[in-house]
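Below: one structure, written as structure tokens.
Source: prediction; values computed, not measured.
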Protein chains: 2
Amino acid sequence: MATAGSNLKLIHVKSACEACRVRELCLPTSLNDQDVSLIDDLVIRRAPLNKGDFLYRTGDKFRGIYALQYGAIKTYGVTRQGREQVTGFHLAGEVLGLDAIDEEIHPCNAVALEKTEVCQIPFHKLEQLSTTIPGLLHNLSKVMSREIKHEEHVLMMLGGTTAEQRIVRFILNLKQRMSKSEVMGYSFKLCMSRQDISNYLGLALETVSRQLTNLQDRDVLEIHNRYITILNPEELQKLAD
Amino acid sequence: MATAGSNLKLIHVKSACEACRVRELCLPTSLNDQDVSLIDDLVIRRAPLNKGDFLYRTGDKFRGIYALQYGAIKTYGVTRQGREQVTGFHLAGEVLGLDAIDEEIHPCNAVALEKTEVCQIPFHKLEQLSTTIPGLLHNLSKVMSREIKHEEHVLMMLGGTTAEQRIVRFILNLKQRMSKSEVMGYSFKLCMSRQDISNYLGLALETVSRQLTNLQDRDVLEIHNRYITILNPEELQKLAD
DNA sequence: ATTTTGCATTGACCTATATCAAGGCTCGTT
DNA sequence: AACGAGCCTTGATATAGGTCAATGCAAAAT
């Protein structure tokens with residue numbers, strides 16, 4: 001039974017790890033199939049979330065980090081004045097929940113923006129495993145480091161720029177991240193509302209709307225509802241700088 | 001020699017770990033003296049930095065993370081337009097350089113704002129050690145998690161707030177962090193210029209200046225050059241919300 | 001002691017963006 | 001097919017904060 005089980009796992013594993021995009025955690029380095037199998041055993045596949053479902057809420061007990069299989073999630077905090085501040089959008093292949101490790105409590109809300117499936121990775125088990133698989137520890141550090149770097153990048157994007165620059169950089173960033181998980185041309189769907197974008201970029205939602213129509217009028221973008229096409233990538237890149 | 005050495009270490013260690021504020025990495029959990037000793041062996045005490053000295057620059061090879069013993073460091077990136085975006089201020093007892101783990105290259109500049117001493121902790125050695133000291137791994141994760149959480153907090157602070165709120169929150173945050181490392185009343189020294197503050201908060205330096213004098217006029221603060229005294233903590237707190 | 005230099009303040013003006021308000025699409029529902 | 005609820009767009013107006021420019025101050029250098 002045990003032997004059969006682990007054989008089965010070796011097959012099952014690859015697909016699960018691949019599918020759940022735990023890739024970020026296991027693929028980069030030289031983890032062998034056996035190690036990957038061990039990691040795969042940890043992963044808990046959760047029932048799909050529908051649009052508006054919460055993955056977790058502020059104050060929830062931390063049970064593990066999450067890897068997005070498909071879909072999109074926004075994380076946000078609520079200020080004392082009741083303002084919703086979006087701290088990030090998370091797309092397929094990305095990891096979230098790392099900010100909860102420290103106090104074992106989620107410091108923000110995570111809600112699905114569309115139909116979404118995630119894998120839960122119990123963190124303490126991952127830590128345990130890290131002591132036996134050295135490469136895993138390093139990957140874990142890298143994932144967290146990347147997250148820190150990304151947040152700094154966001155800070156740079158937000159500081160001292162015009163509304164137009166923010167929007168443009170936001171779109172370029174989204175485009176780039178979506179390209180990672182799917183073959184894509186210059187058209188894609190915005191998975192979030194204008195409101196969400198405004199709360200992320202620190203702008204009024206009207207400003208977001210105006211900037212988008214403005215870019216459309218100048219034939220840089222084409223927008224139909226939430227579907228967006230980049231008509232002039234060079235110009236868009238130029239506007240970002 | 002070996003025995004004498006490790007005895008010495010056991011004594012030396014405590015002071016070094018304590019002094020270098022590697023505390024964040026080792027103290028929180030139940031690491032025993034022996035473990036602490038091992039960690040201490042890693043730590044490289046660097047020559048003090050003078051004001052304006054760089055700890056590292058964008059693009060530098062990553063050699064390890066740094067723990068601030070005393071002093072202050074700002075980290076910043078330079079945008080394509082030449083604007084300097086400050087991504088953080090780091091005070092005594094805090095760790096920096098975590099954003100370089102991923103690509104083994106520092107993505108930003110780190111410069112001393114005053115006389116500063118740091119300890120360098122070679123990261124790969126720390127990782128090696130983590131496999132044998134389970135508590136260490138967890139602490140490392142926590143430190144990184146805290147950093148991610150902090151950056152999110154900064155995002156929340158910057159988004160959708162007035163210049164006054166930003167300044168007020170900035171001062172409260174500084175106050176709180178400085179209290180951690182030194183006994184302190186309501187007076188302290190700003191280790192950074194108005195320019196730095198403005199580049200951090202995404203404001204014009206004139207706005208920073210005006211807001212500070214405004215708070216002074218209303219008897220919330222008292223400011224002499226870079227020395228600041230909080231006269232009315234309750235009011236300051238109220239303004240932050 | 002005096003000059004220099006960098007940093008900070010203050011004022012006047014202007015523009016980008018927020019705010020307020022109204023109306024128009026779109027999609028899902030009955 | 002018509003209805004309703006969200007979302008999005010558009011316009012008019014107000015204002016916070018940016019920009020430009022001049023001056024002041026204090027510590028470092030000569």
Side-chain angles (χ1 to χ4, degrees), chain A residues 50-52 74 79 81-86 111-115 158-171 189-218 221-228 239, chain B residues 50-52 72 74 79 81-86 111-115 157-171 189-218 221-228 239:
Chain A
N50 289 313
K51 180 175 174 172
K74 78 166 172 187
T79 64
Q81 308 98 296
R83 222 191 85 94
E84 176 179 316
Q85 175 67 47
V86 175
V111 66
L113 295 169
E114 56 188 43
K115 197 173 185 213
L158 260 48
T161 57
T162 63
E164 186 182 83
Q165 276 182 321
R166 291 186 198 196
I167 294 282
V168 167
R169 291 180 192 182
F170 172 71
I171 290 171
K189 192 194 174 199
L190 296 172
C191 47
M192 69 294 285
S193 68
R194 306 285 192 268
Q195 183 72 256
D196 288 335
I197 298 175
S198 75
N199 286 336
Y200 181 58
L201 298 178
L203 299 169
L205 98 97
E206 293 94 329
T207 305
V208 173
S209 183
R210 275 187 257 266
Q211 293 296 337
L212 285 176
T213 51
N214 188 264
L215 287 166
Q216 175 157 241
D217 291 345
R218 288 148 64 195
L221 300 178
E222 192 176 301
I223 303 159
H224 288 113
N225 307 316
R226 295 197 180 176
Y227 291 92
I228 192 169
L239 290 172
Chain B
N50 289 312
K51 181 175 174 172
K74 79 165 171 188
T79 63
Q81 309 97 298
R83 221 191 86 92
E84 177 180 316
Q85 174 66 48
V86 175
V111 66
L113 295 169
E114 56 189 44
K115 197 172 184 213
M157 179 176 86
L158 261 46
T161 57
T162 63
E164 187 182 83
Q165 276 181 322
R166 293 186 197 195
I167 293 282
V168 166
R169 290 181 192 182
F170 173 70
I171 290 170
K189 192 194 175 197
L190 296 173
C191 48
M192 68 295 285
S193 68
R194 306 286 192 268
Q195 182 73 255
D196 288 335
I197 299 175
S198 75
N199 286 336
Y200 182 58
L201 298 178
L203 299 169
L205 99 97
E206 294 93 329
T207 305
V208 172
S209 183
R210 273 188 259 268
Q211 294 296 338
L212 285 176
T213 51
N214 187 264
L215 288 166
Q216 176 156 242
D217 292 346
R218 286 149 65 194
L221 300 178
E222 193 176 300
I223 303 159
H224 289 112
N225 307 318
R226 295 197 180 177
Y227 291 92
I228 192 169
L239 291 171

**Q.** Leu203(A) side-chain proximity, nearest of dT10(C), dA18(C), dG18(D)
**A.** dA18(C)
Q) Picking from dG17(D), dT9(C), dG11(C), which would you name as closest to the side chain of Arg210(B)? A) dG11(C)
Q) Under 4.0 Å between a side-chain N/O of Ser193(A) and OP1 or OP2 of dC7(D), yes or no? A) no
(Q) Expressed as a whole number of angstroms, how long is the span from Lys189(B):NZ to dA8(C):P? (A) 11 Å
Q | Leu205(B) side-chain proximity, nearest of dT17(C), dT9(C), dT19(C) | A | dT9(C)
Q. If we ignore angles and hydrogens, is there a donor and acceptor under 3.5 Å between the side chains of Gln81(B) and Thr79(B)?
A. yes
Q | Closest to the Arg194(A) side chain, choosing from dG17(D), dC20(D), dT9(D) | A | dT9(D)
Q: Among Asp196(A), Thr207(A), Thr161(A), Leu158(A), find the residue that satisfies the side-chain contact (heavy atoms from CB on, under 4.5 Å) test when tested with Leu201(A).
A: Leu158(A)
Q.
Check the phosphate of dA8(C) against Arg226(B), side-chain N and O only, distance under 4.0 Å to OP1 or OP2. Yes or no?
A. yes
Q) If you check the Asn225(B) side chain, which of dA27(D), dT10(D), dA21(D) turns out closest? A) dA27(D)
(Q) Strictly distance-based, threshold 3.5 Å: is any side-chain N or O of Glu114(B) a donor or acceptor partner for the main-chain N or O of Asn50(B)? (A) no
Q) Is a side-chain donor or acceptor of Thr213(A) paired with a backbone partner of Ser209(A) at a separation under 3.5 angstrom? A) yes
Q. Can you find a side chain N or O atom of Ser209(A) that sits less than 4.0 Å from OP1 or OP2 on dT10(D)?
A. no
